[in-house]
Asks: 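The structure is given below, and queries will be raised subsequently.
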Amino acid sequence: MQVAMVKLCKKSYICQKRVKMEECSIRKKITILLFLLLFAVPIFWICYEMNPNPGQTSGNGNPAILFVGILFVVFCSLVFVWYKILKEFTLNRMTFIMIVTVLVIQLTSSFLYQRQAFFTYKKLLASVYQEQFGFIDWQYIEDITSFMSIHVNSQYFNVNTYFMFVSSSVLIALIIRKLISMIKAEEKN
């Protein structure tokens with residue numbers, strides 16, 4: 001009887017240690033997640049600030065492009081950490097569908113908002129150009145609002161695109177988690 005009690009206590013102690021390690025592990029993952037999220041904020045802000053004012057000429061190229069590589073690494077790390085955190089929790093099918101639906105709606109509405117903001121910004125640039133020179137050179141407006149232009153940094157790096165950055169990392173992590181769990185379930189069968 002005493003031997004059984006000692007074994008039970010040891011098992012209980014081991015279980016308690018395992019739970020504490022898991023809590024520590026989840027806390028560590030959340031800390032890393034918060035660090036990555038906060039690390040991306042100044043990068044978005046710096047890139048946003050690199051946008052010249054309408055009517056102002058830009059320098060040589062777009063230095064914000066250098067930060068895109070850093071943001072890519074941060075994004076991949078976010079997906080990985082989100083996956084590790086989400087793996088700790090059990091999500092039933094309904095919860096998974098609801099979260100994915102909310103994320104897709106948020107990303108879609110953010111994308112549509114950003115697209116509209118881009119066209120509004122393009123009109124602003126055209127009106128400033130017209131004020132300065134008395135006519136609108138649409139080819140010039142198209143050139144300075146092209147993909148790699150410094151004039152559109154404010155359209156790529158802002159609060160809306162930051163939240164799109166975070167939401168898409170969560171969505172990708174959720175999809176990866178679901179796919180891996182489906183593959184594991186199929187392997188068991």
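These numbers were taken from a predicted model, which means no experiment stands behind them.
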Asks: Report yes or no: do V152 and L112 belong to one cluster of Ile/Leu/Val/Met/Phe/Trp/Tyr joined by side chain heavy-atom distances under 4.5 Å?
Replies: yes

Asks: Give a yes or no on whether L124 and Y113 share a hydrophobic cluster (residues Ile, Leu, Val, Met, Phe, Trp, Tyr; joining criterion: side-chain heavy atoms under 4.5 Å apart).
Replies: no

Asks: If the condition is salt bridge (Lys or Arg N to Asp or Glu O under 4.0 Å), which residues does K84 pass it with, not counting sequence neighbours?
Replies: none

Asks: Are L174 and K178 close enough that some pair of their side-chain heavy atoms sits under 4.5 Å apart?
Replies: no

Asks: Check whether any side-chain N or O of T108 sits under 3.5 Å from a backbone N or O of I105 as a donor-acceptor pair, and report yes or no.
Replies: no

Asks: Is it the case that one hydrophobic cluster holds both M94 and L103, taking links as side-chain heavy atoms less than 4.5 Å apart, direct or via other members?
Replies: no

Asks: Tell me if a side-chain donor or acceptor on S149 pairs with a main-chain N or O of S146 at a distance below 3.5 Å.
Replies: no

Asks: Within the 3.5 Å criterion, strictly below it, is a donor on S127 or E131 matched to an acceptor on the partner's side chain?
Replies: no

Asks: Please report the interatomic distance OG(S181) to CZ(R177), rounded to the nearest 0.5 Å.
Replies: 6.0 Å

Asks: Between I97 and V100, is any pair of side-chain heavy atoms under 4.5 Å apart?
Replies: no

Asks: Would you confirm whether the ring centroid of Y48 sits within less than 6.0 angstrom of the ring centroid of F44?
Replies: no

Asks: Of all residues at least two apart in sequence or in a different chain, which pass the side-chain hydrogen bond (donor to acceptor under 3.5 Å, both in side chains) check with Q155?
Replies: Q114

Asks: Looking at A64 and M50, what are the two nearest heavy atoms and their distance?
Replies: N-SD, 3.5 Å

Asks: Where do M98 and V102 land on the side-chain contact (heavy atoms from CB on, under 4.5 Å) test, with the steps shown first?
Replies: CA-CA 6 Å; M98 285 182 1; V102 167; 5.5 Å; no

Asks: Measuring from atom NZ of K28 to atom CD1 of I32, what distance do you get when rounded to the nearest 0.5 angstrom?
Replies: 7.0 Å

Asks: What heavy-atom pair brings M164 and L107 nearest, and what distance separates the two atoms?
Replies: O-CD2, 3.5 Å

Asks: Please list every donor-acceptor pair under 3.5 Å in which a side-chain atom of residues 70-83 meets a protein atom from a residue at least two apart or in another chain.
Replies:
residue	atom	partner	partner atom	Å
S77	OG	V73	O	2.9
W82	NE1	S169	OG	3.3

Asks: Answer yes or no: are there more than 12 heavy-atom neighbours, outside F135 itself, under 6.0 Å from its atom CZ?
Replies: yes

Asks: Kindly give the heavy-atom pair with the smallest separation between P42 and F39, and that separation in Å.
Replies: CD-O, 3.3 Å

Asks: Are any of the side-chain heavy atoms of Y162 and L37 separated by less than 4.5 Å?
Replies: yes

Asks: Taking everything shown except W138 itself, do over 12 heavy atoms lie less than 6.0 Å from its CH2?
Replies: yes

Asks: Out of curiosity, E88 CD to I30 CD1, how far, rounded to the nearest 0.5 Å?
Replies: 9.5 Å

Asks: Nearest 0.5 Å, what's the CZ-CG distance between F96 and L91?
Replies: 8.0 Å

Asks: For the residue pair F133 and Y129, does the interplanar ring angle fall in the parallel (under 30°), tilted (30 to 60°) or perpendicular (over 60°) class?
Replies: tilted

Asks: Are L38 and I43 grouped together when hydrophobic residues (ILVMFWY) are joined by side-chain heavy atoms under 4.5 angstrom apart?
Replies: no

Asks: State whether a side-chain donor-acceptor pair under 3.5 Å links N92 with T95.
Replies: yes

Asks: Rounded to the nearest 0.5 Å, what separation is found between the CD1 atom of I136 and the CD atom of Q130?
Replies: 4.0 Å

Asks: Report the C-alpha distance between I150 and I144 in whole Å, list the side-chain angles of each, state the deciding distance to 0.1 Å, and finish with yes or no for side-chain contact (heavy atoms from CB on, under 4.5 Å).
Replies: CA-CA 8 Å; I150 194 170; I144 67 170; over 6 Å; no

Asks: Going from NE2 on H151 to CD1 on I141, what distance comes out if it is rounded to the nearest 0.5 angstrom?
Replies: 9.0 Å

Asks: Would you say N51 and Y156 are linked by a side-chain donor-acceptor pair, where the criterion is simply a distance under 3.5 Å?
Replies: no

Asks: So, do V68 and F157 sit near enough that their side-chain heavy atoms are less than 4.5 Å apart?
Replies: yes

Asks: Are N62 and M148 side-chain neighbours, meaning at least one heavy-atom pair lies under 4.5 Å?
Replies: no

Asks: Quick one, Y121 and S154 - any side-chain contact, counting heavy atoms below 4.5 Å?
Replies: yes

Asks: More than 12 heavy atoms of other residues, nucleotides or ligands under 6.0 Å from OH of Y140: is that the case?
Replies: yes

